[in-house]
Each structure stands twice: as structure tokens, then as C-alpha cells.
J.: 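Take a look at the following structure, please.
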Amino acid sequence: MRFYSLMSSLILLVLLLCISDSESMKTLKNLAVKTGESLTIPCFYDGKYKSNLKYWCKGYHWSTCQIVAYTNTSGKTSVTDYPSQNMFTVELNSLQDSGYYWCAVEIGGIWTPDDRDYLYLTVSADPAVSVINSRVSGQEGGSISAQCLYSAEYKNKQKKWCRFKDWSCFTVGRTDTSQNSAVLVIDYGNGSISVEMRGLQKSDAGWYWFSAGSVGVTVHLSVATIGGDEMRSNDEGSQLDDTTLALTIITGLFLLLTLVGLVIWKVKHKQILTAKGGSSGYSAKPDVVYADVVFSRWTQRNPNKLPQAGHDDRVIYSSVKTSQ
């Protein structure tokens, strides 16, 4: 009896440890998106899992869910890790099916199951909530405006604009933040909400979500800093922009060098042809000087007889010469 009591206590302890570990992974619990469109979902994990493998899993039960994509994979579903932010994002494209999904970090131990958190994604032709632009950007000290929509059935539900970084939320009205920026949420009552953020700071950059009731949709905010003559973006997307710019510059230089090479080749080729023509010793179309042969009267009267020797003064000879 004592043995069974001890075993029950151990099993309970293991379950409690598993539950407490799984709480370190965080994401939204209920998201909505329009059929055929794309959605990016941020998943936040404990700092001790920076180097662990992350993945995205689909299925109602954790024990039977099917892994869809691992870290740094691309395709219809891509998972990108940002260790400096203790976060990875899951980008879903051309969505068609609703269902349960899991953000997960691979732990690899028998007694320590993978860290994870679930969410439910609703895909429909008329989603409960949506945004005009899922990515907005502004400059430090400036402002941004995000337009959010909700369906008629959520008209009387509470509307919120929330930040993933500290899980703080702003409701309808004006809210001054500790960073001297202000958030203004206006509900027009016709299925449209305007979220305005003024006095932007670099620390405001990151992931947000808009929700009506318990259903939400994600939005990413980029805040750019002006330094000298250039503007630096304060989000993970700037790395991709820099790479694209570098590739564009390299391609342009390659095309320019190719064009210069062709021009130089044509000039050299023309010079070679000119040099060959000048050294041949003759012209392609030499000038010819024509002269008439004039016969004397004696020769005209006697066309069948040649003049005798000693009568050379009766014939005028002329030669045909080419000009030099």
C-alpha cells in the first residue's frame, strides 16, 4: 500500500513538472484568417531554449500531432527562429483548413517532454477579425495607424490592441505608455477600428495582435531610426532588405561591366580591321586612268596592213596605268 502511494506521488510530481515546463512556451490561443490568405504566428519560448530545435505541429492531441515544419525551412509553411528575441515565427501561406496547431521546442529527454503551446486557427471566407495590413512601419518619433475589422457578431465584444513583448493590452480610448508614446484605439461601431500609435520609440517595434472577444489576428510593427543620411529598420525583416539591396547592386555592376566589355571589344575589333586594310599594299577599289589609242591616217586607210619598220612616227602609242 505504501509502495503504491509512493508511486502515485512520483507520477503526480512528474506530471506537475511537465505541466510547469510547457507553460514557458506562449502564443495566442485563438486566431482567425480569411481562406486562401497568409498569416504569421509568433511563438515565444524560455531563454534557455535558444539553441534548441523549434517546430510546428498539427493535430488535436499533442501525442499524435504531425510535424509540419522545422526551424529554417521554407515552403507553404516556414519556421524562422530569432534567438535574440526568444521567439520563432511560423508563416502559413494559402490557408484552407481550420484546426489545432502547436508551437514546440525540441527538448530530447525521456522525462522532459518537448516544450509546447497550442492554438486554434479558424479559416473562413468571413473571418471574425482581420486587418488591412498585417505589417505596418513608421519612424522613431512619428506615428502609425492600423486599420482593424471585426464581424457583426463581435460588435459588442471587447476590442483590444495588445503587444506580445510584455502581453500588455490597450482598449478603446487613449493610453499613455511608459515610453512616452501614446496608443489611441477608436471603435467606429461599423465593424472598423483604428489603432494609432504616436511618438514611436525603437522599443515599440515587434509583434502585436488585435482581438475582438477571444479571437485575434497578428500585426508586425517596424520602427526605423534616422541616422545621418540613412534610415535603419528596427526589425528582423531589415536583414532580408539588406540582402536584396546587395544582390541588386551586384547584378547592376555585372550588367554594367558586361556592357563596357562589349563596347571595348567592338572598338578593338574595328581597329584591327582598319589596320589590316592599311597594310595590304593596295586599295579595295583602285583608281584607273583610261587613255585612248589614236591611229594615224595611214593605218585607218589600210586596216589590214601593219606599218613597216621605220614608220613608227605614223602611230601614236598609249598605255593604261593605275594611279598610285
Side-chain angles (χ1 to χ4, degrees), residues 26-44 56 58 68-69 75-80 87-103 117-138 143-165 167-175 183-198 200 204-223 235-237:
K26 295 180 71 174
T27 190
L28 289 182
K29 288 293 185 288
N30 196 355
L31 290 168
V33 66
K34 190 174 182 178
T35 305
E37 293 189 351
S38 301
L39 180 69
T40 301
I41 302 170
C43 304
F44 294 83
W56 179 249
K58 180 180 180 180
V68 178
K76 189 175 180 180
T77 301
S78 59
V79 179
T80 306
M87 174 197 75
F88 68 90
T89 60
V90 182
E91 185 175 350
L92 307 172
N93 298 303
S94 303
L95 285 163
Q96 300 293 331
D97 301 322
S98 302
Y100 283 93
Y101 294 86
W102 300 79
C103 299
D117 194 15
Y118 76 91
L119 63 91
Y120 186 79
L121 176 61
T122 303
V123 181
S124 62
D126 184 22
V129 293
S130 61
V131 291
I132 301 300
N133 294 308
S134 60
R135 290 181 178 271
V136 293
S137 59
S143 63
I144 62 96
S145 180
Q147 300 300 314
C148 310
L149 307 175
Y150 59 88
S151 61
E153 61 183 300
Y154 287 86
K155 181 177 181 179
N156 297 321
K157 300 290 185 181
Q158 186 181 41
K159 320 302 188 302
K160 294 186 296 184
W161 175 259
C162 305
R163 181 167 55 192
F164 277 101
K165 184 182 296 183
W167 298 86
S168 60
C169 293
F170 310 96
T171 56
V172 174
R174 177 188 172 96
T175 305
V183 179
L184 179 63
V185 181
I186 303 174
D187 186 357
Y188 297 104
N190 59 355
S192 176
I193 274 189
S194 174
V195 179
E196 185 175 354
M197 297 182 66
R198 302 172 182 173
L200 290 173
D204 291 325
W207 284 96
Y208 292 75
W209 79 86
F210 165 70
S211 65
S214 61
V215 186
V217 62
T218 58
V219 179
H220 186 267
L221 168 62
S222 300
V223 178
D235 72 306
E236 68 273 8

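Here the structure is a predicted model, which means the values were calculated and not measured.
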J.: Tell me if the NZ atom of Lys165 is crowded by more than 12 foreign heavy atoms within 6.0 Å.
T.: yes
J.: If you define the side chain from C-beta out and look only at heavy atoms, does anything of Ser38 sit under 4.5 Å from Asn93?
T.: yes
J.: Determine whether Ser98 and Val123 make a side-chain contact, defined as any pair of heavy atoms from C-beta on separated by less than 4.5 Å.
T.: yes
J.: So, do Lys29 and Tyr118 sit near enough that their side-chain heavy atoms are less than 4.5 Å apart?
T.: yes
J.: With heavy-atom distances below 4.5 Å as the criterion, would you say the side chains of Leu149 and Ile193 are in contact?
T.: no
J.: Roughly how far apart are Glu91 CD and Thr80 OG1, rounded to 0.5 Å?
T.: 7.5 Å
J.: Can you tell me how far the CG atom of Asp126 sits from the OG1 atom of Thr35, to the nearest 0.5 Å?
T.: 10.0 Å
J.: Using modelled atom types and a 3.5 Å cut-off, is there a donor and acceptor pairing between side-chain atoms of Thr77 and backbone atoms of Ala69?
T.: no
J.: Any idea which heavy atoms bring Ala32 and Val217 closest together, and the distance?
T.: O-CG2, 4.1 Å
J.: As a quick check of understanding, evaluate side chain to side chain contact (heavy atoms under 4.5 Å, CB included) for Phe170 and Cys162, giving each step before the final call.
T.: CA-CA 6 Å; Phe170 310 96; Cys162 305; over 6 Å; no
J.: May I ask you to test the Leu121-Leu92 pair for a side-chain heavy-atom distance under 4.5 Å?
T.: yes
J.: Is any side-chain heavy atom of Leu221 less than 4.5 Å from a side-chain heavy atom of Arg163?
T.: no
J.: Donor-acceptor pair, distance only, cut-off 3.5 Å: does the side chain of Asn133 make one with the backbone of Arg135?
T.: no
J.: Check whether the side chains of Ser145 and Gln147 place a donor and an acceptor atom closer than 3.5 Å, and report yes or no.
T.: yes
J.: State the CG-OH distance between Leu119 and Tyr101, to the nearest 0.5 angstrom.
T.: 9.0 Å
J.: Could Lys155 and Tyr150 be counted as a cation-pi pair, given that NZ or CZ must be under 6.0 Å from the ring centre and within 45° of the axis?
T.: no
J.: Check whether more than 12 heavy atoms from other residues, nucleotides or ligands sit under 6.0 Å from atom CZ of Phe164, and answer yes or no.
T.: yes
J.: Hey, can you tell me if Trp167 and Phe44 have their rings parallel, tilted or perpendicular (30° and 60° cut-offs)?
T.: perpendicular
J.: Quick one: does any side-chain atom of Lys159 pair with a main-chain N or O of Tyr154 as donor and acceptor, under 3.5 Å?
T.: yes
J.: Calculate, to the nearest 0.5 Å, the distance between atoms OG1 and CD1 belonging to Thr218 and Ile41 respectively.
T.: 7.0 Å
J.: Report the C-alpha distance between Lys76 and Ser94 in whole Å, list the side-chain angles of each, state the deciding distance to 0.1 Å, and finish with yes or no for side chain to side chain contact (heavy atoms under 4.5 Å, CB included).
T.: CA-CA 7 Å; Lys76 189 175 180 180; Ser94 303; 4.3 Å; yes
J.: Would a distance-only check, ignoring hydrogens and angles, find a side-chain to backbone donor-acceptor pair under 3.5 Å from Thr171 to Lys160?
T.: no
J.: Take Ser214 and Tyr120 through the test side chain to side chain contact (heavy atoms under 4.5 Å, CB included) and record every step on the way to the result.
T.: CA-CA 11 Å; Ser214 61; Tyr120 186 79; over 6 Å; no
J.: I want to check something: taking the side chain as every heavy atom from C-beta on, are Leu95 and Leu39 in contact at a cut-off of under 4.5 Å?
T.: yes
J.: Using a 3.5 Å distance criterion without hydrogens, assess whether the side chain of Asp117 forms a donor-acceptor pair with backbone atoms of Cys103.
T.: no
J.: Measuring from atom CG of Asp187 to atom NZ of Lys157, what distance do you get when rounded to the nearest 0.5 angstrom?
T.: 14.0 Å
J.: Between Val33 and Leu31, does the side chain to side chain contact (heavy atoms under 4.5 Å, CB included) criterion hold? Intermediate values first, please.
T.: CA-CA 7 Å; Val33 66; Leu31 290 168; over 6 Å; no
J.: For the rings on Phe210 and Trp161, is their centre-to-centre separation under 6.0 Å?
T.: no
J.: Do Thr122 and Val215 have side chains that get closer than 4.5 Å, going by heavy atoms?
T.: no
J.: How far does OG1 of Thr89 sit from NE2 of His220, to the nearest 0.5 angstrom?
T.: 9.0 Å
